[in-house]
Amino acid sequence: MKTALITGVTGQDGSYLAENLLKKQNYKHVIGLVRRRSADGVNRLEQIQTHPALTIMQGELEDAGLLARLFSVYRIDECYNLAAQSFVRYSFDNPVATAMTNYIGVINLLEAIRHHSPNTRYYQASTSEMFGGLTEEYLSENHSFHPRSPYGTSKLAAYWHAVNMREAYGLFTCNGILFNHESPRRGSEFVTQKIAAAAVRFRAWKNSGGMGEPPVLRLGNLEARRDWGHAQDYVEGMRLMLQEEEPGDYVLATGQAHSVRDFVELSFAHPEVGVKIRWKGEGLNEVGSDADGRVLVAIDPVHYRPSEVHVLLGDWKKARECLGWKPQFSFEDMVDQMIRAQVARREGHGPTA
Ligand code: GDD
């Protein structure tokens, strides 16, 4: 019977992973670490908040003393480090805060493990942002890195630190190089949830009689392409990595890329919303309208990034062959789920996150 520690347990991935582990028979205790003043609250833990095997603790990765105590007091078999400053755009404005959590935090965690609990198996939330997305090719564990944001560089430093601790001290550290993964629990600042919310806001406007101008969704780069999977699939991949005999690094992806524009079209065309978006104009002047010419989508350069990751497409062969992992949700299923969850939330009968 194992004890697992999940940092960032109130986030999209943390909450799904906690549910996943608590459903398994072989976890007697799941400890969730939550940043003090976390904006997320505990909404995403609604379904498991009162589970007897779940303990929620407050603390930050910058607090090395707290982490040392944590690993001395509890016998932690598995540590999943999902706590991060995960918004790429924000990292350009706050590179130091991003590095403190995403890199220094990882050093603190692995020092605590090395000195107090060297048999703990460690999962590091690494990311496809480390690749930089300058070419349209399938990216595997063997591809070279070229991060294009302070977020990407902080995550790459943490990736190498986890590898180094494995090579230097024999710690069981795994990097999950995860491509974008979404769900109804996705944070509202990420483009998929922003689009799903806007499509459903338009639906509400239409259903209430469509008076005045419809709400406008303001986006940045419509041509960015991402390999979007479902977070529920990806947390199972994280767990599988720590069950292997040897530690290693694995890409989790779907092998299919879609553009932001595709995501907009599919979301507004969803049966709950029912609009075919028509595009007109170019660059900053491009707009997306409905059949009556009403503007529903416009470009706002505030959402452009100083350097953009144009396309990310993952090769998940190693995960399939070594872990037996396979994504279960299709892209269309995921969009459908996100739109339906937004509708339920608006109508007051869905989970709040
Ligand atoms: N957020 C946002 N808002 N992104 C926009 C917008 C907008 O209004 N308009 C266009 N985009 C484009 C971004 O420029 C980017 O190319 C793409 O949509 C996806 O942006 P995000 O949803 O913010 O995610 P991300 O790809 O930057 O990062 C996510 O995935 C990484 C894995 O590759 C995050 O979850 C990271 O934490 C994660 O590591």
Side-chain angles (χ1 to χ4, degrees), residues 8 11-14 16 40 81-94 98 101-103 106 124-134 136 139 143 145-159 175-183 185-199 216-231 234-235 237-238 251-254 256-265 267 283-284 286 288 297-314 316 334-335 338:
Q12 166 186 262
D13 294 4
Y16 279 129
D40 291 331
N81 181 30
L82 311 183
Q85 190 305 91
S86 61
F87 191 34
V88 175
R89 181 68 192 81
Y90 175 85
S91 76
F92 285 99
D93 301 326
N94 291 281
T98 302
T101 308
N102 295 4
Y103 178 39
V106 170
Q124 170 59 19
S126 288
T127 162
S128 50
E129 278 289 307
M130 300 186 312
F131 293 122
L134 287 164
E136 175 131 15
L139 302 163
H143 200 277
F145 298 120
H146 183 157
R148 303 253 301 154
S149 64
Y151 168 81
T153 55
S154 71
K155 282 287 188 178
L156 185 55
Y159 165 94
N175 281 289
I177 307 174
L178 270 50
F179 284 62
N180 297 52
H181 44 286
E182 319 296 309
S183 76
R185 296 187 189 174
R186 190 51 147 151
S188 55
E189 69 274 42
F190 296 96
V191 78
T192 55
Q193 190 72 293
K194 185 173 166 183
I195 296 169
V216 179
L217 165 62
R218 295 183 194 281
L219 293 171
N221 181 11
L222 294 175
E223 310 311 334
R225 292 166 63 76
R226 289 292 183 273
D227 183 328
W228 276 300
H230 195 297
Y234 288 38
V235 300
M238 297 174 189
V251 161
L252 299 184
T254 70
Q256 282 179 22
H258 298 268
S259 66
V260 172
R261 187 188 299 279
D262 294 338
F263 206 101
V264 170
E265 289 176 3
S267 300
L284 284 175
E286 182 166 14
V297 187
I299 305 300
D300 186 339
V302 83
H303 301 299
Y304 285 154
R305 294 171 182 186
S307 48
E308 174 66 289
V309 169
H310 299 290
V311 55
L312 289 174
L313 187 57
W316 50 284
M334 188 188 71
V335 176
M338 290 180 76

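Order of listing sets the numbers, starting from 1, for every ligand and every atom in it.
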Ranked by distance from atom 1 (N) of ligand 1, the top protein heavy atom is E189 O, 3.0 Å
Atom 20 (O) of ligand 1 sits nearest the protein heavy atom R305 NH2, 3.5 Å
What protein heavy atom lies closest to atom 29 (C) of ligand 1? Include the residue and the distance to one decimal.
N180 ND2, 3.5 Å
For atom 9 (N) of ligand 1, find the nearest protein heavy atom and state the residue, atom name and distance (0.1 Å precision).
G220 N, 2.8 Å
Do any N/O atoms on A224 end up under 3.5 angstrom from N/O atoms on ligand 1?
no
Who's the nearest protein heavy-atom neighbour of atom 14 (O) of ligand 1, and how far?
E308 OE2, 2.6 Å
Taking the side chain as every heavy atom from C-beta outward, state whether S91 and Q85 have any pair of such atoms under 4.5 Å apart.
yes
Find all atoms of ligand 1 within a distance of less than 4.0 Å from any non-hydrogen atom belonging to F87, and give their numbers and elements.
1 (N), 23 (O)
Relative to atom 33 (O) of ligand 1, which among A231, G133, S128 owns the nearest non-hydrogen atom?
S128
Run the salt bridge (charged side-chain N to carboxylate O under 4.0 Å, His left out) check on E223 and R261 step by step: do they pass?
CA-CA 6 Å; E223 310 311 334; R261 187 188 299 279; 2.4 Å; yes
Students should be able to answer this: which protein heavy-atom is nearest to atom 4 (N) of ligand 1, and at what distance?
V191 CB, 3.5 Å
Quick one: which ligand 1 atoms are inside 4.0 Å of a heavy atom on L312?
33 (O)
Is E182 salt-bridged to R226, cutoff N-O under 4.0 Å?
no
Between A125 and K155 the two heavy atoms that sit nearest each other are O-NZ, 2.8 Å
Which of the numbered atoms in ligand 1 are under 4.0 angstrom from any heavy atom belonging to K194?
7 (C), 8 (O)
Does any N/O atom on W228 come nearer than 3.5 Å to any N/O atom on ligand 1?
no
Which of these, Y151, F179, F263, has its nearest heavy atom closest to atom 38 (C) of ligand 1?
Y151
Would E136 and R225 satisfy salt bridge (charged side-chain N to carboxylate O under 4.0 Å, His left out), going step by step from the backbone distance to the final call?
CA-CA 9 Å; E136 175 131 15; R225 292 166 63 76; 3.8 Å; yes
Ligand 1 contact on L219 by region, counting heavy-atom pairs under 4.0 Å
both
Per-atom filter on ligand 1: closer than 4.0 angstrom to a heavy atom of L178 are 32 (C)
Can you tell me the protein heavy atom closest to atom 36 (C) of ligand 1 and the distance?
S86 O, 3.3 Å
Distance under 4.0 Å to a non-hydrogen atom of N221: what atoms of ligand 1 satisfy this?
9 (N), 10 (C)
Nearest heavy-atom contact between I299 and G283 is CG1-O, 3.6 Å
If the cut-off is 4.0 Å to any non-hydrogen atom of T127, which atoms of ligand 1 fall inside it?
31 (C), 32 (C), 33 (O), 38 (C), 39 (O)
Select the closest option to atom 35 (O) of ligand 1 among R148, R186, R89, E223, judged by heavy-atom distance.
R186
Heavy-atom nearest pair, L219 first then V297, reads CD1-CG1, 4.2 Å
What is the closest protein heavy atom to atom 28 (O) of ligand 1, and at what distance does it sit?
V88 CG2, 3.7 Å
Between G133 and V309, which heavy-atom pair has the shortest distance, and what is it?
CA-CG1, 3.9 Å
